[in-house]
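Report on the following structure.
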Amino acid sequence: MARVVRAELTMTVAAGDTAEFEREWNLVAAWVREQPGCLRQTLCRDESGYVLTSDWESEDAFSAFERSNAQHSITEPLRRLRRSARMRTLKVIAHWE
């Protein structure tokens, strides 16, 4: 049985680049939501930076997205603006709305 996977990407962005980063994230998110297997995305911010999460129908769906040339191209503006990044994936055990 396929299990929902959450990708969690933590990024730091220079203080002067936050508005541009948020604009770019919204453009990227509009494209990502149309990708096969993408269930939802969230952008959060705290004093140390941003946490981007996306939920995927399965590990295979997320892996296919991550390996795609289109993903690499469309997310380039976010990579350009970030100072650091750390990613991890989690298996979703339960979810309540």
Side-chain angles (χ1 to χ4, degrees):
M1 176 177 133
R3 183 164 289 224
V4 172
V5 171
R6 175 165 294 160
E8 180 183 85
L9 179 58
T10 304
M11 294 180 147
T12 58
V13 175
D17 292 336
T18 58
E20 182 180 1
F21 180 84
E22 291 173 19
R23 277 192 306 274
E24 291 293 343
W25 182 85
N26 277 293
L27 295 173
V28 169
W31 179 81
V32 172
R33 77 171 172 228
E34 301 299 324
Q35 301 312 297
C38 182
L39 301 173
R40 71 186 61 80
Q41 302 169 80
T42 306
L43 177 64
C44 301
R45 184 176 174 192
D46 66 13
E47 64 281 346
S48 62
Y50 291 95
V51 178
L52 296 69
T53 62
S54 58
D55 290 353
W56 297 83
E57 288 177 354
S58 67
E59 208 165 334
D60 289 342
F62 176 66
S63 292
F65 166 75
E66 274 292 290
R67 289 190 313 266
S68 73
N69 289 334
Q71 182 275 146
H72 183 75
S73 177
I74 198 84
T75 59
E76 191 282 326
L78 299 180
R79 287 192 309 281
R80 180 179 46 80
L81 291 166
R82 73 183 183 197
R83 293 254 172 116
S84 68
R86 180 180 61 90
M87 178 179 279
R88 68 181 184 153
T89 57
L90 307 155
K91 289 182 174 60
V92 176
I93 305 301
H95 179 81
W96 294 87
E97 297 264 348

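Throughout, residue positions are numbered sequentially from 1 according to the sequence presented.
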If you apply the rule side chain to side chain donor-acceptor pair (under 3.5 Å), what do you find for Thr75 with Gln71, and how did you get there?
CA-CA 6 Å; Thr75 59; Gln71 182 275 146; 3.2 Å; yes
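Contact record, Val32 with Cys38: O-CB, 3.6 Å, taken as the closest heavy-atom pair. When all heavy atoms of Pro36 and Trp56 are compared, the pair lying nearest together is O-CZ3, 3.6 Å. When all heavy atoms of Val51 and Glu8 are compared, the closest pair comes out as CG1-CG, 3.8 Å. Taking each heavy atom of Ser48 and Thr12 in turn, the nearest pair found is O-CG2, 3.2 Å.
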Can you give the donor-acceptor pairs under 3.5 Å from side chains of residues 17-30 to other protein atoms, not counting sequence neighbours?
unit_1 : atom_1 : unit_2 : atom_2 : d
Thr18  : OG1    : Ala15  : O      : 3.4
Glu20  : OE2    : Arg80  : NH2    : 3.3
Glu22  : OE2    : Tyr50  : OH     : 2.6
Asn26  : ND2    : Glu22  : O      : 2.9

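Residue Thr10 holds its OG1 atom at 9.5 Å from CE of Met87, rounded to the nearest 0.5 Å. The distance from the CZ atom of Arg40 to the CD atom of Glu97 is 5.0 Å, given to the nearest 0.5 Å. In this structure, the separation between CD1 on Ile93 and CZ on Arg6 is 11.0 Å, given to the nearest 0.5 Å.
Looking only at distances, no side-chain donor or acceptor of Thr42 sits under 3.5 Å from a matching main-chain atom of Thr53. Side-chain N or O atoms of Ser73 include none that pairs as donor or acceptor with a backbone N or O of Ala70 at under 3.5 Å.
Between Arg3 and Val92 there is no side-chain heavy-atom pair separated by less than 4.5 Å. Looking at heavy atoms from C-beta onward, Leu52 lies out of side-chain contact with Gln41 at the 4.5 angstrom threshold.
Transitive grouping of hydrophobic side chains (ILVMFWY, heavy atoms separated by less than 4.5 Å) brings Ile74 and Val13 into a common cluster. Put simply, Leu39 and Val5 are part of two different groups of oily side chains (I, L, V, M, F, W, Y) that touch within less than 4.5 Å, one to the next. Hydrophobic clustering (ILVMFWY, side-chain heavy atoms < 4.5 Å, transitive): Leu81 and Met11 are in one cluster.
Every residue was checked against the salt bridge (Lys or Arg N to Asp or Glu O under 4.0 Å) condition with Arg82, not counting sequence neighbours, and none meets it. Residues passing the salt bridge (Lys or Arg N to Asp or Glu O under 4.0 Å) test with Glu66, sequence neighbours excluded: none.
Counting heavy-atom neighbours within 6.0 Å of Arg83 CZ, excluding the residue itself, gives a total of 12 or less.
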